[in-house]
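Not measured: the values here are computed from a predicted model.
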Amino acid sequence: MTKTAPLKLSTPTDRDAVITRVVDAPRGMVFDAHSKPELVQRWLLGPPGWTMPVCEIDLRVGGKYRYEWRSADGQSMGMGGTFKEIVRPTRIVATQVFDQDWTGGETIVSTDIVEKNGKSTITTTVRFASREARDAALQTGMTTGMEAGFGRLEQLLEEMAHD
């Protein structure tokens, strides 16, 4: 697989952050990597040094999910939510609330996967409770952690393609 371009971030409205990233894999594999706990735990880790000891996913409308991360120095972070829409293999929409509510309330996260010529464009739209919450989240360096995760996702997808 070839290395794809880094993620792109846009802020089309006062509450939305839209992250777009292309990966060299078919959308079915990308959807699985976003929805199967044993796969999510391998790539959705943020910056280097973090693990995800808890990854629970009940992938159905109304189903819940729970993620908990731990850093090498013992920090922890957790979040969860409820699935609102699932269209396999193209779309997942869920609520998201962090345990330490640094995002100012519930966000809605929509992940859309579009395949063209064997590559998939992942578009994640995060709708925050307010402009202030969105701007604060963007100031945390969240895209740096997301790009590290996407790099791991590409490695995982390459391994999946060879299995």
Side-chain angles (χ1 to χ4, degrees), residues 3-11 13-23 25 29-60 62-86 92-113 120 122-160:
K3 173 81 172 120
T4 53
L7 67 81
K8 292 180 184 172
L9 169 69
S10 65
T11 51
T13 73
D14 64 349
R15 291 176 45 206
D16 290 348
V18 179
I19 299 95
T20 305
R21 181 68 152 68
V22 177
V23 294
M29 285 175 51
V30 176
F31 187 92
D32 285 350
H34 278 79
S35 60
K36 293 183 175 182
E38 67 275 13
L39 300 176
V40 172
Q41 285 179 296
R42 292 178 57 191
W43 73 271
L44 190 63
L45 302 175
W50 286 77
T51 61
M52 184 189 281
V54 175
C55 182
E56 300 165 352
I57 298 174
D58 181 7
L59 190 68
R60 61 183 174 85
K64 307 262 187 224
Y65 71 95
R66 174 81 186 154
Y67 302 153
E68 293 178 17
W69 294 272
R70 298 239 188 295
S71 70
D73 64 5
Q75 293 180 352
S76 64
M77 182 172 69
M79 70 146 174
T82 303
F83 292 105
K84 298 294 188 187
E85 182 182 353
I86 298 164
I92 301 171
V93 179
T95 62
Q96 174 179 283
V97 178
F98 281 86
D99 295 353
Q100 299 84 13
D101 186 18
W102 58 273
T103 58
E106 183 177 86
T107 61
I108 303 293
V109 179
S110 305
T111 302
D112 293 286
I113 307 164
S120 294
I122 305 163
T123 303
T124 303
T125 303
V126 183
R127 172 155 288 169
F128 292 90
S130 67
R131 177 185 202 123
E132 295 75 22
R134 182 205 63 192
D135 292 349
L138 293 176
Q139 293 300 312
T140 66
M142 103 182 173
T143 55
T144 302
M146 290 181 78
E147 183 57 41
F150 280 125
R152 284 189 294 274
L153 174 61
E154 285 189 317
Q155 290 174 337
L156 172 63
L157 293 167
E158 189 168 346
E159 290 171 24
M160 290 169 65

Kindly compute the distance separating [atom1] ([X]) from [atom2] ([Y]), expressed to the nearest 0.5 Å.
| X | Y | atom1 | atom2 | value |
| --- | --- | --- | --- | --- |
| Asp99 | Glu68 | CG | CD | 6.5 Å |
| Leu9 | Thr124 | CG | OG1 | 11.0 Å |
| Tyr65 | Met79 | OH | CE | 4.5 Å |
| Leu156 | Gln41 | CG | CD | 11.5 Å |
| Met52 | Leu45 | CE | CG | 6.0 Å |
| Ile57 | Lys36 | CD1 | NZ | 11.0 Å |

Practice problem: Start with the C-alpha distance between Thr95 and Ile108, add both sets of side-chain angles, then the distance that settles side chain to side chain contact (heavy atoms under 4.5 Å, CB included), and finish with yes or no. | Solution: CA-CA 5 Å; Thr95 62; Ile108 303 293; 3.7 Å; yes
For the residue pair [X] and [Y], establish whether any side-chain heavy-atom pair is separated by less than 4.5 Å.
| X | Y | answer |
| --- | --- | --- |
| Arg66 | Val54 | yes |
| Ile19 | Met142 | yes |
| Leu7 | Thr143 | yes |
| Ile86 | Phe31 | yes |
| Ile122 | Asp112 | no |
| Glu106 | Phe128 | no |
| Arg15 | Glu132 | no |
| Thr107 | Arg127 | no |

Taking all non-hydrogen atoms of both residues, which atom of [X] and which atom of [Y] are closest, and how far apart?
| X | Y | answer |
| --- | --- | --- |
| Ser35 | Ile92 | CB-CD1, 4.3 Å |
| Gln100 | Ser76 | NE2-O, 4.3 Å |
| Asp58 | Phe83 | O-CD1, 3.3 Å |
| Ala17 | Leu138 | CB-CD2, 4.2 Å |
| Pro47 | Ala148 | CA-CB, 4.5 Å |

Thr20 side chain to Lys8 side chain, donor-acceptor N/O pair below 3.5 angstrom
no
- Task: Evaluate the criterion side chain to side chain contact (heavy atoms under 4.5 Å, CB included) for residue pair Asp16 and Arg134; output intermediate values, then yes/no.
- Result: CA-CA 7 Å; Asp16 290 348; Arg134 182 205 63 192; 5.7 Å; no
Please check: side-chain N/O of [X] versus main-chain N/O of [Y], any donor-acceptor pairing under 3.5 Å?
| X | Y | result |
| --- | --- | --- |
| Glu154 | Val23 | no |
| Ser120 | Ile113 | no |
| Arg42 | Ala33 | no |
| Gln96 | Val109 | no |

Sorted by chain and number, sequence neighbours left out, side-chain hydrogen bond (donor to acceptor under 3.5 Å, both in side chains) with Thr51 holds for none
*How are the rings of Tyr67 and Trp69 set relative to one another: parallel (under 30°), tilted (30 to 60°) or perpendicular (over 60°)?*
perpendicular
Practice task
Please step through side chain to side chain contact (heavy atoms under 4.5 Å, CB included) for the pair Thr13 and Arg131, ending with a clear verdict.
Solution key: CA-CA 9 Å; Thr13 73; Arg131 177 185 202 123; over 6 Å; no
